[in-house]
Amino acid sequence: MSRILVIGAGVVGLSVARAALRRGHRVTLIEQGAVPNPHAASWDQHRMIRFHYGAAEGYTRMVAEAFEAWRALWQELGIEHYAASGALAISLRAGDYADETARTFERLRISHDRLDADALARLCPHLDLPAPARGVLAEGGPLFADRIVGDLARLVRDRGAEILEHARVVAVDATAGSIRLADGRVLDGDLVVVAAGAWLPDLLPAEYGALPVWRQTLCYVEAPAAYRESWARGPALVVLGDRDVYTLPPRAGTGLKFGSGEQRRPAKPAGGFEAPLEFGRRVIADFGPYLRDADAYRPLRLQVGYYVKEPSRRFRLEQSGRRVVVTNCDGQMFKFGPLIGERLIAAWDGGASFPELARWAAGY
């Protein structure tokens, strides 16, 4: 039995703790804030799970594995924090993200529906799409993130994990497998898993200080009365042509959320988690001419988060001695949380080499 030290209590850290406890290891989970931490990237009403990954076959395959991992978690929790709304990518020209996704689905035999413009109009009357528009609809929808993280935290506590809240790690010794806290305490382990998200560059500056950290501002909106029902029963929107926008539908008491990649900005968490409500109008505006009655949408609240995103957009799981770092989450890792936890601890127990694990996580 090993002692596993996990830095960071987001979905990845909690999933690593769960997997380690299931395999009989002792776990100490260290979090600089509360557990759950409302400032962690994992904390929000929902995150999306979807098969759509353009031409990236590796990640498309991983989503099937991720669904299996989530189903196993629902059985343990006794509740399913997921709404199978379906996930829709809209193509406006040959070769765009949704079109590449459809080709990948065909190659991998992923179940999906192709929708023409008329079918899209029936499914999404809140969108105003040009005649060439085509849809790619597949399994997916919102994962209720805050409920998941909250229940994972309770699960690992109940199974005997030691959880240190408001405990800031200031040093990690990869050779010894130990960490030092800001209050001077030193904790020794057999394995240290660093899942510190956007705080990683400050924690390990010599190795990761140059990683690009981004601030993302998402907007919960009130739709015009005429379209509230269609948004509520409609699918999650993965992408709209060449516009890096997405939506999550209001299900099970959550709100309608709009996101736009155009509103990412380089920044670190020290910049804070507040934004003026009017900023939400920028997010809405990024949907351009494709949103019916766009001026009638009203921002309700904003959700600010931070994450590491390199140009490769490939997850990084890197081993050095007794330390494994999980990074380059790109705002995409939530859907893979339980799966990554299982694979990482299985590798520690000898089920695979860490280089093999790293290649898998990078989508190769």
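If you read the sequence from its start, that first residue is 1, and numbering goes on from there. Only a predicted model underlies this, so the values are computations on that prediction, with no experimental measurement involved.
Between F336 and F315, the two ring planes are perpendicular [angle over 60°; tilted spans 30° to 60°]. Taking the six-membered ring where tryptophan is involved, the planes of F258 and Y297 are tilted, since the angle between them lies from 30° to 60°.
No side-chain donor from either of Y208 and N328 sits under 3.5 Å from a side-chain acceptor of the other. A side-chain donor-acceptor contact under 3.5 Å links H25 and D349. A donor-acceptor pair shorter than 3.5 Å can be found between the side chains of N37 and E31.
The two residues A161 and L21 have their closest heavy-atom pair at CB-CD1, 3.9 Å.
Residues passing the side-chain contact (heavy atoms from CB on, under 4.5 Å) test with I79 are L77, H81, D151, sequence neighbours excluded. By the side chain to side chain donor-acceptor pair (under 3.5 Å) test, Y53 pairs with Q332, K335, sequence neighbours left out. Among residues two or more places apart in sequence or in another chain, the side-chain contact (heavy atoms from CB on, under 4.5 Å) test is passed with A121 by none. By the side chain to side chain donor-acceptor pair (under 3.5 Å) test, D330 is found to be paired with R313, residues two or more places apart in sequence or in another chain being considered. With sequence neighbours left out, D202 forms a side chain to side chain donor-acceptor pair (under 3.5 Å) with K268. Scanning for side chain to side chain donor-acceptor pair (under 3.5 Å) contacts around R233 gives an empty result, with sequence neighbours left out.
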Pairs under 3.5 angstrom only: tabulate donor-acceptor contacts from the side chains of residues 84-97 to other protein residues two or more places apart or in another chain.
{"residue": "S91", "atom": "OG", "partner": "R93", "partner atom": "O", "Å": "3.2"}
{"residue": "S91", "atom": "OG", "partner": "D96", "partner atom": "OD1", "Å": "2.9"}
{"residue": "S91", "atom": "OG", "partner": "D96", "partner atom": "OD2", "Å": "3.3"}
{"residue": "R93", "atom": "NE", "partner": "D242", "partner atom": "OD2", "Å": "2.9"}
{"residue": "R93", "atom": "NH2", "partner": "D242", "partner atom": "OD1", "Å": "3.2"}
{"residue": "D96", "atom": "OD1", "partner": "D99", "partner atom": "N", "Å": "3.0"}
{"residue": "D96", "atom": "OD2", "partner": "L92", "partner atom": "N", "Å": "2.7"}
{"residue": "D96", "atom": "OD2", "partner": "R93", "partner atom": "N", "Å": "3.1"}
{"residue": "Y97", "atom": "OH", "partner": "H52", "partner atom": "O", "Å": "3.4"}

Contacts under 3.5 angstrom, residues 351-364 side chains, donor-acceptor by atom type, not counting sequence neighbours:
{"residue": "S353", "atom": "OG", "partner": "E356", "partner atom": "N", "Å": "3.1"}
{"residue": "S353", "atom": "OG", "partner": "E356", "partner atom": "OE1", "Å": "3.3"}
{"residue": "E356", "atom": "OE1", "partner": "S353", "partner atom": "N", "Å": "2.9"}
{"residue": "W360", "atom": "NE1", "partner": "E65", "partner atom": "OE1", "Å": "3.4"}
{"residue": "Y364", "atom": "OH", "partner": "R314", "partner atom": "NE", "Å": "3.3"}

Tabulate below the donor-acceptor pairs under 3.5 Å that side-chain atoms of residues 125-143 make, not counting sequence neighbours, or state none.
{"residue": "H126", "atom": "ND1", "partner": "S230", "partner atom": "OG", "Å": "2.8"}
{"residue": "R134", "atom": "NH1", "partner": "A131", "partner atom": "O", "Å": "3.2"}

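We find that E68 and R71 are joined by a salt bridge, their nearest charged nitrogen and carboxylate oxygen being less than 4.0 Å apart.
Identified under the salt bridge (charged side-chain N to carboxylate O under 4.0 Å, His left out) test for residues 164-179, with sequence neighbours left out: R157-E165. For residues 1-20, every residue pair satisfying the salt bridge (charged side-chain N to carboxylate O under 4.0 Å, His left out) rule, not counting sequence neighbours, is listed here: R3-E162, R18-E76, R18-E342.
Put simply, I345 and I30 are part of two different groups of oily side chains (I, L, V, M, F, W, Y) that touch within less than 4.5 Å, one to the next. Under a hydrophobic-cluster definition in which Ile, Leu, Val, Met, Phe, Trp and Tyr are linked whenever side-chain heavy atoms come within less than 4.5 Å, directly or via other members, F334 and V35 are assigned to the same cluster. The cluster map of Ile, Leu, Val, Met, Phe, Trp and Tyr, joined by side-chain heavy atoms under 4.5 Å apart, puts V16 and L203 in different clusters. Residues V169 and V6 do not share a hydrophobic cluster, defined by chaining ILVMFWY side chains whose heavy atoms lie under 4.5 Å apart.
Within a 6.0 Å radius of CD in E310, other residues, nucleotides and ligands contribute more than 12 heavy atoms. Counting non-hydrogen atoms of neighbouring residues, nucleotides and ligands closer than 6.0 angstrom, the CG atom of D183 exceeds 12 such neighbours.
Think of Y307 as one node in a network of Ile, Leu, Val, Met, Phe, Trp and Tyr side chains linked at under 4.5 Å; its network also takes in W214.
The shortest distance between side-chain heavy atoms of L339 and F67 does not fall below 4.5 Å.
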